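Following: one structure in structure tokens, then a few remarks.
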There are 2 protein chains.
Amino acid sequence: MSTIRDVAKAAKVSVATVSRVLNNSDKVNEETKKRVLETIRELDYKPNEVARSLFRKQSNTIALIVPDIKNPFFPEVARAVEDVLNEKEFTLILCNSDEDPQKEQRYLDMMKQKYVDGVIIVTSTLQKKEIEKSDIPIIALDRQLGNSIPSVSVDNFNGAREAVRHLKSAGCRKIAHIRGPHGIVSADDRSDGYLHETAHEPWYCDDLIVSGNFNHVETFEAAIELMKRHPDLDGIFAGNDIMAAGAIKAAGTFGKKVPEELAVIGFDGIDLCRLTNPEITTMAQPIYELGATAAKLILELIEGKELAETHVLFDVTFSKGQSTKNVR
Amino acid sequence: MSTIRDVAKAAKVSVATVSRVLNNSDKVNEETKKRVLETIRELDYKPNEVARSLFRKQSNTIALIVPDIKNPFFPEVARAVEDVLNEKEFTLILCNSDEDPQKEQRYLDMMKQKYVDGVIIVTSTLQKKEIEKSDIPIIALDRQLGNSIPSVSVDNFNGAREAVRHLKSAGCRKIAHIRGPHGIVSADDRSDGYLHETAHEPWYCDDLIVSGNFNHVETFEAAIELMKRHPDLDGIFAGNDIMAAGAIKAAGTFGKKVPEELAVIGFDGIDLCRLTNPEITTMAQPIYELGATAAKLILELIEGKELAETHVLFDVTFSKGQSTKNVR
DNA sequence: GTGAAAGCGCTAACAA
DNA sequence: TTGTTAGCGCTTTCAC
């Protein structure tokens with residue numbers, strides 16, 4: 001690969017001049033500029049981005065740290081982020097943290113060493129302090145992270161409330177909740193939303209909330225247990241779509257018809273919802289938009305702009321499938 | 001952030017010495033080494049990876065170029081790759097090509113400019129020539145790419161044959177194929193496998209092969225059409241699991257029971273298969289292993305090793321769900 | 001408008 | 001064993 005020196009030599013100018021046309025500085029004669037451009041093409045010269053990074057102390061790269069890219073929510077986020085970055089000639093580094101604070105911290109350190117310009121992180125575990133001292137632009141995605149760190153997330157609490165209200169208006173008289181892991185803010189908020197709509201109901205009791213841990217295997221067990229304990233159960237609000245799918249399968253196994261005998265509603269709006277039979281009714285997040293917005297914000301932060309809005313909160317929207325009955 | 005100079009000054013040694021302990025060269029006194037290590041800790045010094053990259057002409061980074069990370073097959077691949085890289089302190093750059101040769105070429109160029117050490121690519125469109133001239137270690141994943149480029153893939157042809165044979169032995173008497181896009185090697189190979197097992201059958205005719213384009217919407221339409229045209233159809237081999245899910249939904253809509261009246265088998269073995277009702281019978285690829293193997297190979301290539309095997313071919317394994325009947 | 005030269009932070013000769 | 005220095009490829013003062 002040819003360097004800026006080669007171009008300079010071939011074009012009979014100094015490297016400074018080549019650099020100037022590269023960064024299209026105005027102070028360069030049209031004639032020489034043309035000549036330089038010409039030799040650049042001839043030599044198929046591409047500037048060395050690493051050398052540039054070293055000088056500029058930035059790399060046109062941002063990192064996306066997610067718990068696990070296998071969770072179907074995140075690929076769509078990653079896609080959105082990458083699309084936005086790609087337009088600006090930025091590159092995306094992907095990291096899986098497994099919700100492990102140590103891994104998160106390690107990644108954060110690595111990114112700083114590589115002059116990564118900013119990071120978008122999905123975390124509940126990392127301490128705000130750690131992040132704040134890491135002097136690199138950060139956006140919290142999907143889950144807020146204290147007040148000082150800009151975030152992009154959805155209104156989980158009200159989304160959950162709407163889910164429960166839908167079940168009620170579709171005729172459910174006893175509604176359970178299969179929740180995600182404790183300590184994950186979004187799971188906690190959805191659980192709180194459920195409680196807000198049910199705690200005062202005469203039929204409500206604590207063991208209507210069970211843990212499905214955001215996966216379908218544990219959910220299956222939990223749902224079976226739930227149906228055994230509460231033969232009159234006719235509605236389930238699952239904390240995400242994967243768990244909704246698990247609950248629907250459990251209903252099938254247990255012998256309850258969905259949605260006639262048991263209505264199930266999920267949360268997230270991942271593609272899965274339209275692939276199952278029955279399709280899953282869910283509270284859909286604008287997943288792509290979440291990722292795209294986070295990417296735009298981080299780019300603004302990198303450019304040194306003030307954010308117009310430091311905590312962007314999207315609404316979730318009701319998305320009807322066949323796992324709940326129609327509202328009369 | 002402190003630099004190697006700061007450490008040198010504070011430890012009262014030269015930068016060379018600091019560099020030596022950093023790269024644990026042996027030629028350094030135990031005493032001074034201890035002292036340097038000490039000040040490194042005190043200053044919380046982390047070497048600047050960009051400067052290192054500039055010198056070494058490598059970045060401890062590899063790129064994974066996939067058509068679209070939203071396709072559920074790829075997150076698992078990406079996870080595997082990242083796991084392997086992470087162990088070696090390598091970083092993963094993720095790129096979405098949309099099967100567009102121009103984007104692929106652009107990414108390849110960008111990666112070279114960033115001293116990315118190697119790339120793992122999933123492509124059918126990129127010309128071998130383009131890749132060969134790009135003097136950067138490359139592994140073709142999921143689809144072979146001529147003989148000169150090392151690859152990691154599965155035996156699609158025989159996997160497809162096995163899928164069809166399973167349908168036959170489960171009692172199917174007329175089997176259709178919903179295929180992936182033409183020009184994508186894996187889709188073509190699976191289609192060939194289907195043909196190999198069916199073309200000689202008395203019931204075979206060309207319009208038993210329809211295109212589902214690897215997505216469930218087109219598949220749904222195609223499957224409905226198929227069932228209309230062939231009322232006696234009792235088996236479908238779908239080119240991937242998404243399409244299998246689409247076919248199963250179509251069967252439900254059309255009023256055919258799965259698997260009693262129509263058996264459906266997919267290909268890939270993504271998580272989706274265990275989330276649907278009925279669960280999808282499929283020919284499962286060792287997805288994680290594919291990614292992990294590709295990552296290991298690219299690392300070997302980067303280290304300058306000869307590959308023991310340039311074309312790694314995994315078998316797919318039959319994974320029983322409920323979308324096909326049991327074999328008597 | 002153009003060039004010479006310093007320097008981004010690091011590594012690796014080459015000396016001492 | 002340790003230090004001095006050139007240089008990785010680029011950008012940007014500062015002169016001219």
Side-chain angles (χ1 to χ4, degrees), chain A residues 1-40 43-61 89 109-117 135, chain B residues 1-40 43-61 89 109-117 135:
Chain A
M1 267 186 93
S2 44
T3 76
I4 198 171
R5 293 206 108 72
D6 303 327
V7 177
K9 203 171 294 175
K12 297 193 196 309
V13 292
S14 73
V15 293
T17 301
V18 179
S19 177
R20 285 194 190 97
V21 341
L22 243 36
N23 301 281
N24 52 107
S25 145
D26 37 352
K27 306 175 177 185
V28 49
N29 186 301
E30 272 304 316
E31 273 304 292
T32 52
K33 181 172 180 177
K34 200 171 293 178
R35 187 150 40 94
V36 170
L37 250 20
E38 180 61 24
T39 46
I40 285 182
L43 298 182
D44 189 31
Y45 165 74
K46 304 250 168 51
N48 180 322
E49 288 301 328
V50 175
R52 284 183 148 175
S53 294
L54 182 58
F55 184 89
R56 296 181 172 149
K57 297 188 190 312
Q58 55 161 54
S59 60
N60 281 27
T61 299
E89 309 259 78
D109 288 342
M110 284 176 71
M111 296 312 132
K112 245 195 314 190
Q113 295 182 62
K114 294 204 175 204
Y115 282 160
V116 163
D117 302 317
D135 64 16
Chain B
M1 267 186 95
S2 44
T3 75
I4 198 171
R5 294 207 108 70
D6 303 327
V7 177
K9 204 171 294 175
K12 299 192 194 310
V13 293
S14 74
V15 293
T17 302
V18 179
S19 177
R20 286 193 190 98
V21 342
L22 244 36
N23 302 282
N24 52 107
S25 147
D26 37 352
K27 306 174 178 186
V28 49
N29 186 300
E30 272 304 316
E31 274 302 291
T32 51
K33 182 172 180 178
K34 202 172 292 177
R35 186 151 40 94
V36 170
L37 250 19
E38 181 60 25
T39 47
I40 284 181
L43 297 182
D44 190 33
Y45 165 75
K46 304 252 169 50
N48 181 322
E49 288 300 328
V50 175
R52 284 182 149 176
S53 294
L54 181 59
F55 184 88
R56 296 183 172 145
K57 297 190 189 313
Q58 54 161 53
S59 61
N60 282 26
T61 298
E89 309 259 78
D109 287 343
M110 284 175 71
M111 296 312 132
K112 246 194 313 191
Q113 293 182 62
K114 295 204 174 205
Y115 282 160
V116 163
D117 302 317
D135 64 17

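Each chain gets a letter, A, B and so on, in the order its sequence line appears, and its residues count up from 1. No experiment lies behind these values; they were computed from the predicted model shown.
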Self-check item: Nucleotide nearest Phe55(A) when distance is taken to its side chain, options dT12(D), dT5(D), dG1(C)
Solution: dT12(D)
Self-check item: Heavy-atom check, side chain of Val21(A) versus side chain of Ile40(A), under 4.5 Å
Solution: yes
Exercise. Please determine if a side-chain N or O atom of Arg52(B) lies less than 4.0 Å away from the OP1 or OP2 oxygen of dT11(C).
Key: yes
Exercise. Using a heavy-atom cut-off of under 4.0 Å over every strand shown, decide if Val50(B) touches base, sugar-phosphate, or nothing.
Key: nothing
Quiz item: Does the pair Glu49(A)/Arg52(A) count as a salt bridge with the N-to-O cut at 4.0 Å?
Solution: yes
Self-check item: Atom-to-atom span, CG of Leu22(B) to C1' of dT11(C) - whole angstrom
Solution: 10 Å
Quiz item: Between Arg20(B) and Tyr45(A), who's closer to the 5' end of DNA chain D by nearest nucleotide?
Solution: Arg20(B)
Quiz item: What is the distance from NZ of Lys46(A) to P of dC10(D), rounded to the nearest Å?
Solution: 13 Å
Quiz prompt | Phosphate OP1/OP2 of dG9(C): any Lys57(A) side-chain N/O under 4.0 Å | solution = yes
Exercise. Among dT2(C), dG3(D), dA5(C), find the nucleotide with the atom closest to the side chain of Val15(A).
Key: dA5(C)
Practice problem: Look at all strands and tell whether Arg56(B) reaches a base, only sugar-phosphate, or nothing, counting heavy atoms closer than 4.0 Å. | Solution: sugar-phosphate
Quiz prompt | Closest to side chain of Ile4(B), choosing from dT11(D), dT11(C), dG9(D) | solution = dT11(C)
Exercise. Name the nucleic acid region contacted by Thr3(A), choosing base, sugar-phosphate or nothing; use a 4.0 angstrom heavy-atom cut-off, strictly under.
Key: sugar-phosphate
Quiz item: Could you state the NZ-P distance from Lys9(A) to dG3(C), rounded to the nearest angstrom?
Solution: 14 Å
Quiz item: What is the distance, rounded to the nearest whole Å, between atom CG of Asn23(B) and atom P of dT2(D)?
Solution: 16 Å
Quiz item: How many Å lie between CZ on Arg5(A) and P on dC8(D), as a whole number?
Solution: 7 Å
Quiz item: According to a strict under-4.0 Å criterion, is Asn48(B) in side-chain N/O contact with OP1 or OP2 of dC8(C)?
Solution: no
Quiz item: Any sub-3.5 Å donor-acceptor pair from Asn23(A)'s side-chain atoms to Ser25(A)'s backbone N or O?
Solution: no
Exercise. Nearest whole angstrom, please: distance from the C1' of dT1(D) to the NZ of Lys33(B).
Key: 13 Å
Practice problem: Please report the shortest heavy-atom distance between Ser14(A) and Ala8(A), naming the atom on each side. | Solution: C-CB, 3.8 Å
Quiz item: So, is Thr17(A) near the phosphate of dG3(C), with a side-chain N or O under 4.0 Å from OP1 or OP2?
Solution: yes
Exercise. To the nearest Å, give me how far apart CG (Asn60(B)) and P (dT11(C)) are.
Key: 12 Å
Practice problem: Please round to the nearest 0.5 Å and tell me the distance separating atom OG1 of Thr17(B) and atom NZ of Lys33(B). | Solution: 12.5 Å
Quiz item: Across the strands shown, which category fits Ser53(B) at heavy-atom distances under 4.0 angstrom: base, sugar-phosphate, nothing?
Solution: nothing
Quiz prompt | Close side-chain approach of Tyr115(B) to Asn48(A), heavy-atom, < 4.5 Å | solution = yes
Exercise. Rounded to the nearest angstrom, tell me the gap between atom CE in Met1(B) and atom C1' in dC8(C).
Key: 14 Å
Quiz item: Starting at the 5' end of DNA chain D, which residue's closest nucleotide do you reach first, Leu54(B) or Ser14(B)?
Solution: Ser14(B)
